[in-house]
Each structure stands twice: as structure tokens, then as C-alpha cells.
Student: 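This is the structure I have questions about; it appears just below.
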There are 2 protein chains.
Amino acid sequence: MNLQQLRYINEVVRQGLNVSAAAEALFTSQPGVSKQIRQLEDELGVEIFARQGKRLVEVTEPGREVLAIAARMLGDLDNLRQVGAEFSNESVGKLSIATTHTQACYVLPKVVHAFIERYPQVGLSLQQGNPPQVCELVRSGRADLVIATESVADYPELLSLPCYEWNHCIIAPLGHPVLDTAPLSLNEIARWPIVTYDSAFTGRNQINRAFQSHGLEARVVLTALDADVIKTYVRMELGIGIVARMAYDPTLDIGLGMLDAGHLFDSSVTHLGLRRNAWLRSYTYDFIELFAPHLTRRVIDRALKADGSEYAI
Amino acid sequence: MNLQQLRYINEVVRQGLNVSAAAEALFTSQPGVSKQIRQLEDELGVEIFARQGKRLVEVTEPGREVLAIAARMLGDLDNLRQVGAEFSNESVGKLSIATTHTQACYVLPKVVHAFIERYPQVGLSLQQGNPPQVCELVRSGRADLVIATESVADYPELLSLPCYEWNHCIIAPLGHPVLDTAPLSLNEIARWPIVTYDSAFTGRNQINRAFQSHGLEARVVLTALDADVIKTYVRMELGIGIVARMAYDPTLDIGLGMLDAGHLFDSSVTHLGLRRNAWLRSYTYDFIELFAPHLTRRVIDRALKADGSEYAI
DNA sequence: CCATATTACGGTTTGCGTAAGAATC
DNA sequence: GATTCTTACGCAAACCGTAATATGG
């Protein structure tokens, strides 16, 4: 048994049980992959893949177990490389962050700025997507950490750490009557057409719940994936916007007024997700602490290692 | 990088940084081991071992990280083989249990009997030792599970599951006046010379604490590692014995009388220890359930997977 | 001087790629 | 017939063991 075989079966699954595609993705020959997989199956004494004639059609039950263990081993292989890189030079490396638009645009800029100043030799990359997508990037090892408000806690493979709590606000073109309301109420908001986030995004659940629990129906005339688009349509006077509070900047968002709506909706919590049993570079700890000061190295390590060691009778 | 290199560094540490000994233990040549270790260090870009001239003198800091990850990977390698064995034939295999004398003699016999009847093709082996020793056997992969009253929870690498609660009793030669006391009190016990367990064994702590908290001094004239030895000396009228309740059997222990002392001492809890992220054979689950019926497969899996995924802000 | 680790070298094994063959859609 | 996996075969690299060399107690 060797690690190459584990890489092969892992990639074959990733490619939807297509050995040829896996071989190509791993820059090797297809017969080589095929043969190594057979060898692994022979050695373990179980079929990992069920075949129909000459085609792989599904992962067997033992295969699922094997693949789960193999994935962890490959993750550990990555970890070994991380350790090597860390101790070779602790301020050179890469850091790949998977996140959503809201975080990338309104929260991360100042964190990223501080980080690249501190670690000029770390290649930082932001990968954007919707919550399930960015979680998947981390799960599969293509990103080091995910920052998102939704989904993170739904991935059992990820350790989910709450970072900060936030709420929504109302935006409207300057001069819009809603901006003069004080105090702002759900009834008042419900009088106007609304532009807000797409479902399953950036706390949209909290918005729906608030209206429902007050027996109100919000007239959502348009939903969008991010606050920039929402602002655009609010400027066009299509309606008033409900966006994350941090997405409004009085100096940049000229022509728009804002009213805090924190008292009207349940707050949302932005989470940070890490692969469990990932080994983190020191600059990764620092990045996280820049982002969420309460998440010190100590706290993160404790969370990664915590394992529920003692169970009641 | 390959798994062999990980085996090598792991064994070198186990052999006290002696490459020759490691080579011998792994049935290979010493230069081969030496070279592979160098290759691994080159590939990772860090020294795993610090050398003085031609001798390995200590594990470096990156080395410690590397070794920890390597150990997990080797554990997973074992797990892969377990999966293979399980699905090849789920009632053939081996099960190695590390435990203390008390468990092996007085608790396990009926469990073992039921197990070998159910799984005649599983080679069962009991390894005996003191609590730290048996924990270490499991930690290093030389045993599958540990059953002991002490130490298990002290090993962070082990998942510790409480199994059952028990207490002590007093034994004395038939006709000894202490046997007529009712109710039995600590004061009464303290009047006599005592034979009991060695420290760090089988609930000895609970015994000490009870006397201390009552301002009494127990006259312990002899300590022993196991109940059989204690009984022998009690028969010799060296004193009265304090042993685990389950160590007394009225039909076997002729010439000895027993008084329950459950109301005098804090109870002890016997624990079962498993390597975290071990993959268990189905018969291992069954063995555990035979031993502690509340530890069903479901419960064990939940405990193994529990990881403290959600942390408060 | 003995024990121990590294370097050097040759043989075997293993893994990989090309080419051909078989099976399924 | 096109795609996809398996088998066959030859080459190259990696691994391992023996022998020789260097280093420290």
C-alpha cells in the first residue's frame, strides 16, 4: 500500500468514478491508475469500486470506509508539507481563503490589508462563492479556511468557529420617506417594495422569520446575491433595500441613506470554518486573530483538539 | 514521501533514537532506514532529528509535529487494513485487550466466554499490566482497547468511556470479629491492620481519601498489586483486606468472609479506552457491548466522532 | 576499540508509460 | 463506433542490502 494509491482512489471519486479523468487530473497514465487501484483492492481484500463490465459504477460499502480514511491520510500528507514549509520559513507561503461576497467586500479588506503588510511574502488568495461552495473548497483542501455566515456549521468535516454577530439595515435613496421614520418598525418596512438577498444567503432567514412572526408579508420585488447589486436597484428606486449593516458606508454609498434595523431582526453570526485536524501555519493563526480577535492561537488549538474525551455513564 | 519513511521515523523514536535498533525491529537494513529518513527530511525541508556528529540526540521541534502527524497516518494505515479485514470476513480476525489484573480475573471472564462463543474465529488476547502500561499499549497500537479503572482518562490520545461503577468491600478470615460489625464503619476498619492495593491501582485513591476525610489513619501493613495476593495474606491473618467488591466470590473464596463497604468509600468507575479515530471491527463493538451494555455501536460512534464542532463566541 | 551513522555501489523490485485488447453505451 | 477500463510489455527510477567509511563514547 502506498500514498499514491490513496491519491488515485480519491481522485477517481472526485472525478465521478472516471479513471481516465482522474489520470489526467493527476498527470499520469490511465492504465497506471487502474492497475494501482486493483493492487490496493487486492491488498485490502475488498473491492472499493463496483464495476459493471469495464466501468466503475459505484463506491462499495467498504469503499466508502476506505475513502474516508484515505481522505484523512491525504489531509495529513498536506499537513506534513505545511509543517515543513512552516519551519523552513515561517513567513513565506500561501493562504487561500474561501468566502462570500459580503465578507470579501465589506469585512475582509482591512484584515487583508493588515495581513499583507505583516506577511508580504505570503501569497494570499480569495476564492469567492456561495456558502456551500466555499465550504466545499475547504473540505476538499483547495482552500485553507472559509468565512461565511451560512452553511459552515452544516459541514461535519469542518470545525466551525463563531466570529462576530451582526445585523441588517435598511437603505433607501436619500429623501425617501422611510428614512424619516423613527423608530423604524417592521410595519413601516412592509409598506414598501423590498430588494434584498437571495434565499440561503447572508442572513436572509432572519429577515423572513421577522416578518412571518409579526404576521406581515414583505413585498420582495427583487433578490440579489450581493449588496452591490441591491444598492444599484435601490438607487434606481425599485424599492428599499435590506442589507447587512457592514455593507453600508456613508462616504462611499452616495445617494443612499441608511437606518439601522438591528432591533427588528434576529442577529446573524459569521463563522469561520477549518478542516478538522488541519495543521495550521502560524500566519494562518495570525490571519484568523486579525479577523476575530477572540480567536487566539490558544482558542483555535483547543477547539481543534477538543474531542469530547469524557462521556457520562 | 512515502509511508515507509513514516514507519521509519516512528520506530526510530520508539527505539530511543537508535536507528540500528529501529532497522532491526522493522526487519530491514540500517543504512536503508538512515537514507530514507534523510530523504524525508530533505523533502520536507526540515530536520526531524538533531544530530551530534553521527548520532541522533533529540527530536527537533518540527520533528515533533511531523511525528505526531506521522503517527496518525500510520494509525489510519492500520485502520485501512481493519476495514479490509472486516469486509473480507467480519467474524475472523484478532482482538487484543489490554487490562489490569482485577478486570482480567473478576470481570472479563464471563464477557470473554460469551465473546468466544459468538466469535470462535476471532483470536482474542489479553495483555496485562498496570494502568499506565495498558494505556500505552493501546496508544501505540499494540492493543485495540484498554479496560482499567485508573489512568485511561489521563491519556489525551485515548477516548475514555465510563463503563460501570463499583466499590470496595472488606474481607477477613471467617470468625474474625470485624465480620460481625453492623453497620460497618471506617472507625471499625481502622482498628485492624489492613492489606490492600498498591497506590495508583484499583481505586486505592478512594480508600485513602475516605480515611483522611474522617481524620483516621489506616494501618496499612501490606500493599499488593492484585486481590489474589491480598486474599492470600488475609488468610494468613496478617490483617483484614480491602478489595474491589467483584473480587470476592463466596463459593471460591473459602475461609474468607466479606462485608460490603460501598457506603464508606467513594465509588470507582471503570473505563474503557480506545484510540481516537480508530476504526473498529464489528466484533469489537460487540465485545464492548457485552462488557458494558450501554455502550452500543451508536454510542461509541458518536463518542468517537464528537469533536466539539460548535463553540460559543 | 566498540557502537553507531553515513556514503557508495550493485541488484532487484516496483511503478509508469505505450500499445493492444475487451466491454459497454 | 466511441469511450472506457484491463492486460501486456519494456524501460527507468526507486528501494534495499552489502560493504566500506567516518564519527563519537
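Throughout, a chain's letter reflects where its sequence line sits, starting with A, and its residues are numbered from 1.
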Student: Provide, to the nearest angstrom, the distance between the CD1 atom belonging to A/Ile37 and the P atom belonging to C/dG15.
Tutor: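 About 14 Å, once rounded to whole Å.
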Student: May I ask you to list the residues of residues 14-27 of chain B, by number, that have any heavy atom positioned under 4.0 Å from an atom of DNA chain C?
Tutor: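 The answer is B/Leu17, B/Asn18, B/Val19, B/Ser20.
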Student: Taking only side-chain nitrogens and oxygens of B/Asn2, does any of them come within less than 4.0 Å of OP1 or OP2 of C/dT14?
Tutor: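 Checking C/dT14 against B/Asn2, no side-chain N or O comes under 4.0 Å of OP1 or OP2.
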Student: Measure CZ/A/Phe49 against P/D/dT4 and give the value in whole Å, please.
Tutor: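 These atoms are roughly 16 Å apart.
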Student: Looking at A/Arg55, does any N or O in its side chain come under 4.0 Å of the phosphate oxygens OP1/OP2 on C/dA23?
Tutor: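 For C/dA23, OP1/OP2 do not have a side-chain N/O of A/Arg55 under 4.0 Å.
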Student: Output yes when at least one side-chain N/O atom of B/Gln39 is less than 4.0 Å from OP1 or OP2 of D/dC15, else no.
Tutor: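 Checking B/Gln39 against D/dC15: at least one side-chain N or O falls below 4.0 Å of OP1 or OP2.
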Student: Verify the contact: side-chain N or O of A/Gln4 to OP1 or OP2 of C/dC16, cut-off strictly under 4.0 Å; return yes or no.
Tutor: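 So the side chain of A/Gln4 is within the cut-off, an N or O lying under 4.0 Å from OP1 or OP2 of C/dC16.
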Student: Set out, in order, the CA-CA distance, both residues' side-chain angles and the distance that settles side-chain hydrogen bond (donor to acceptor under 3.5 Å, both in side chains) for B/Glu86 and B/Gln82, then state yes or no.
Tutor: CA-CA 6 Å; B/Glu86 173 72 10; B/Gln82 294 284 333; over 6 Å; no
Student: Report the residue (B/Thr28 or A/Arg38) whose heavy-atom-nearest nucleotide on DNA chain D is the more 5′ of the two.
Tutor: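 Upstream on the strand: A/Arg38.
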Student: Within the structure provided, determine whether B/Asn277 and A/Arg72 are in side-chain contact (heavy-atom separation under 4.5 Å).
Tutor: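 They are in side-chain contact.
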Student: A/Lys54 has a side chain; which of C/dT6, D/dC15, D/dT6 sits nearest to it?
Tutor: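 My answer, after comparing the listed nucleotides, is D/dT6.
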Student: Can you identify which nucleotide, out of D/dT6, C/dC25, C/dC9, has its nearest atom closest to the B/Lys35 side chain?
Tutor: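 My answer, after comparing the listed nucleotides, is C/dC9.
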Student: Given B/Val12 and B/Ile37, is the side-chain contact (heavy atoms from CB on, under 4.5 Å) satisfied, shown in steps?
Tutor: CA-CA 10 Å; B/Val12 165; B/Ile37 292 178; 3.7 Å; yes
Student: For A/Tyr8 and C/dG15, is the shortest distance between a side-chain N/O and OP1 or OP2 below 4.0 Å?
Tutor: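 For A/Tyr8, the contact criterion (side-chain N or O under 4.0 Å from OP1 or OP2 of C/dG15) is not met.
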Student: Does this structure show an ion pair linking A/Arg204 with A/Asp198, if we count only N-O contacts that are shorter than 4.0 Å?
Tutor: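 So A/Arg204 does not pair with A/Asp198 through a salt bridge.
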Student: Taking 4.0 Å as the cut-off, does a side-chain nitrogen or oxygen of A/Arg51 come that near to OP1 or OP2 on D/dT6?
Tutor: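 Answer yes for this pair, as a side-chain N or O of A/Arg51 is under 4.0 Å from OP1 or OP2.
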Student: B/Leu56 has an atom CG; how far is it from atom P of D/dG24, in whole Å?
Tutor: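 The answer, rounded to whole Å, is 13 Å.
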Student: Measuring from B/Leu137:CG to B/Ile97:CD1, what's the distance to the nearest 0.5 Å?
Tutor: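 One gets 12.5 Å once the value is rounded to the nearest 0.5 Å.
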Student: Check side chain to side chain contact (heavy atoms under 4.5 Å, CB included) between B/Glu43 and all other residues, then give those that pass, not counting sequence neighbours.
Tutor: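 Scan of B/Glu43 (side chain to side chain contact (heavy atoms under 4.5 Å, CB included), adjacent residues dropped) gives A/Arg81, B/Met1.
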Student: Can you measure B/Met1 atom CE to D/dA14 atom P for me and round it to whole angstrom units?
Tutor: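 Nearest whole value for this atom pair: 15 Å.
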Student: Output the rounded distance in Å from CD (B/Gln30) to P (C/dA8).
Tutor: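 Computing the B/Gln30:CD to C/dA8:P distance gives 15 Å.
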Student: Respond yes when some side-chain nitrogen or oxygen of A/Gln52 is under 4.0 Å from OP1 or OP2 of C/dT24, and no when none is.
Tutor: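 No, no such contact exists.
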Student: Atom CG of B/Leu3 and atom P of D/dC15: how far apart are they, to the nearest Å?
Tutor: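 From B/Leu3 CG to D/dC15 P: 12 Å.
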Student: Charged N to carboxylate O under 4.0 angstrom, A/Glu41 versus A/Arg38?
Tutor: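 Answer for the salt bridge query: yes.
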Student: With DNA chain C as reference, determine whether A/Gly53 or A/Pro31 sits nearer its 5' end, using the nearest nucleotide of each.
Tutor: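 Upstream on the strand: A/Pro31.
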Student: Using a strict 4.0 Å threshold on nitrogen-to-oxygen distance, state whether A/Glu61 and A/Arg64 make a salt bridge.
Tutor: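 Salt bridge flag = no for A/Arg64 with A/Glu61.
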Student: If only side-chain N and O atoms of B/Gln36 are considered, is one of them under 4.0 Å from the OP1 or OP2 phosphate oxygen of D/dC16?
Tutor: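 Yes, because at least one side-chain N or O of B/Gln36 sits under 4.0 Å from OP1 or OP2 of D/dC16.
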